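The residues of the chain are indexed from 1 along the displayed sequence. Note that the structure is predicted; figures quoted are calculated from it, not measured.
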Amino acid sequence: MPIVKYPRATEPLWHEWDRKAEKCGLRHTVYSVNGDQYTGEWLGNLKHGKGIQVWKRNRAIYSGDWKFGKRDGYGSYSILDPVTKEYKKVYTGWWKNDKKCGYGVTFYPRAERYEGEWSDGLRSGWGRMYYWDGSMYEGQWLEDRPGGQGMLRLPNENRYEGGWKDGKKHGPGKFFYLDKGQLFEGIWAADIPKCGILIDFGRVEAPAPTQYPIPKV
């Protein structure tokens with residue numbers, strides 16, 4: 001009786017078709033079921049390299065680096081202004097694992113702006129924040145709030161230099177009342193000065209000095 005040799009079992013043919021259909025290296029435009037759109041480079045069916053993502057729901061755009069399907073590297077994120085119908089940048093800087101990480105600039109409503117370091121999507125490290133009322137904080141950040149050493153300058157040029165914790169003045173610090181020509185140096189806790197000394201500081205040049213100078217001890 002003749003021996004019949006059957007072909008060795010192989011993986012299904014559709015696996016080979018999938019491999020041939022994989023997007024790798026080249027630029028492709030792909031539309032999702034929900035209307036989102038991506039145009040850029042791929043690796044193994046994952047966004048990888050340079051690319052532009054457009055989200056249909058909020059009309060947002062990300063343009064920059066991708067790594068294995070996530071924003072990773074340098075890129076900018078913009079949203080559509082409902083009034084002007086033009087795109088305005090929200091964040092430009094570095095990303096890691098789909099979150100802000102490293103140095104970047106974020107633009108907030110009311111013309112507020114943060115320039116500095118990020119970690120896991122939060123302001124962490126050194127940074128400078130410009131607020132809508134004209135004040136500015138420059139110093140260390142921890143988990144999206146001032147934490148460590150920093151300086152807060154108010155619109156009238158008065159400023160605080162010293163320690164911060166959970167976004168509040170905390171620890172040794174100095175408050176320069178330049179409008180009155182005085183300096184308070186002491187210890188703060190949760191934004192409240194607990195103890196310290198108040199001295200005249202440039203009182204002669206101050207625009208609105210106190211009526212009576214502090215006597216020297």
* After noting the C-alpha distance and the side-chain angles of Lys88 and Phe107, does the key distance pass the side-chain contact (heavy atoms from CB on, under 4.5 Å) rule? -> CA-CA 9 Å; Lys88 59 180 182 180; Phe107 301 91; over 6 Å; no
Drop me the distance from [X]'s [atom1] to [Y]'s [atom2], to the nearest 0.5 angstrom.
X: Leu46; Y: Glu41; atom1: CG; atom2: CD; result: 13.5 Å
X: Glu185; Y: Glu161; atom1: CD; atom2: CD; result: 10.5 Å
X: Cys195; Y: Phe184; atom1: SG; atom2: CZ; result: 7.0 Å
X: Arg159; Y: Leu152; atom1: CZ; atom2: CG; result: 11.0 Å
X: Lys47; Y: Ile52; atom1: NZ; atom2: CD1; result: 12.5 Å
X: Thr39; Y: Tyr31; atom1: OG1; atom2: OH; result: 6.5 Å

* Run the side-chain contact (heavy atoms from CB on, under 4.5 Å) check on His28 and Tyr38 step by step: do they pass? -> CA-CA 8 Å; His28 296 271; Tyr38 172 80; over 6 Å; no
Quick check on the hydrophobic clustering: are [X] and [Y] connected, directly or via other members, by side-chain heavy-atom contacts under 4.5 Å?
X: Trp95; Y: Trp55; value: yes
X: Ile199; Y: Leu178; value: yes
X: Trp164; Y: Tyr131; value: yes
X: Leu142; Y: Met129; value: no
X: Trp66; Y: Val54; value: no

For the student: nearest non-hydrogen atoms of [X] and [Y], plus distance:
X: Ser124; Y: Ser119; result: CB-CB, 3.8 Å
X: Trp94; Y: Gly102; result: CB-CA, 4.4 Å
X: His170; Y: Tyr160; result: N-OH, 4.1 Å
X: Lys96; Y: Cys101; result: CB-CB, 3.6 Å

* Whether Glu112 side chain and Trp132 backbone form a donor-acceptor pair below 3.5 Å -> yes
* To do: Mark yes or no for whether Arg113, through its side chain, and Val105, through its backbone, hold a donor-acceptor pair below 3.5 Å.
  => no
* Asked: Is the charged tip of Lys100 near the ring of Tyr91: under 6.0 Å from the six-membered ring centre and within 45° of its axis?
  -> yes
* Structure fact -> Residue pairs meeting salt bridge (Lys or Arg N to Asp or Glu O under 4.0 Å), one or both in residues 140-149, sequence neighbours left out, come to Arg123-Asp144, Arg145-Asp166
* Asked: Which pairs pass salt bridge (Lys or Arg N to Asp or Glu O under 4.0 Å) with one or both residues in residues 190-199, sequence neighbours excluded?
  -> Lys169-Asp191
* Please test Glu157 against Asp179 for side-chain contact (heavy atoms from CB on, under 4.5 Å), starting from the C-alpha separation and ending with a verdict. => CA-CA 8 Å; Glu157 298 299 327; Asp179 59 338; over 6 Å; no
[X]: side-chain hydrogen bond (donor to acceptor under 3.5 Å, both in side chains) partners, not counting sequence neighbours:
X: Glu138; answer: Arg128
X: Lys174; answer: none
X: Gln140; answer: none
X: Ser32; answer: none

* Structure fact -> Members sharing Ile192's hydrophobic cluster, built from side-chain contacts under 4.5 Å between Ile, Leu, Val, Met, Phe, Trp and Tyr, are none
* Asked: Can you list the other members of the hydrophobic cluster that holds Met151, where links are side-chain heavy atoms under 4.5 angstrom apart?
  -> Tyr130, Met136
* To do: Using the side-chain contact (heavy atoms from CB on, under 4.5 Å) rule, take Asp36 and Gln53 through it: C-alpha gap first, then chi angles, then the decisive distance, then the call.
  => CA-CA 8 Å; Asp36 294 348; Gln53 171 81 28; 3.6 Å; yes
* Asked: Do the non-hydrogen side-chain atoms of Thr210 and Tyr177 ever get within less than 4.5 Å of each other?
  -> no
* **Results of ring pair (Phe, Tyr, Trp, His ring centres under 6.0 Å) for Tyr114 - residues two or more places apart only** => Trp118, Trp141
* In chain order, what residues pass the ring pair (Phe, Tyr, Trp, His ring centres under 6.0 Å) check against Phe201, with sequence neighbours excluded? -> Phe176
* Listed by chain and number, what are the side-chain contact (heavy atoms from CB on, under 4.5 Å) partners of Pro172, not counting sequence neighbours? -> Ile187
Under 3.5 Å, sequence neighbours excluded: what are the donor-acceptor pairs made by side chains of residues 68-82?
from: Lys70; atom 1: NZ; to: Asn97; atom 2: OD1; distance (Å): 3.1
from: Arg71; atom 1: NE; to: Asp98; atom 2: OD1; distance (Å): 2.9
from: Asp72; atom 1: OD2; to: Asn97; atom 2: N; distance (Å): 3.1
from: Asp81; atom 1: OD1; to: Val83; atom 2: N; distance (Å): 2.8
from: Asp81; atom 1: OD1; to: Thr84; atom 2: N; distance (Å): 3.2

* Can you tell me if OH on Tyr87 sees more than 12 non-hydrogen neighbours from other groups inside 6.0 Å? -> yes
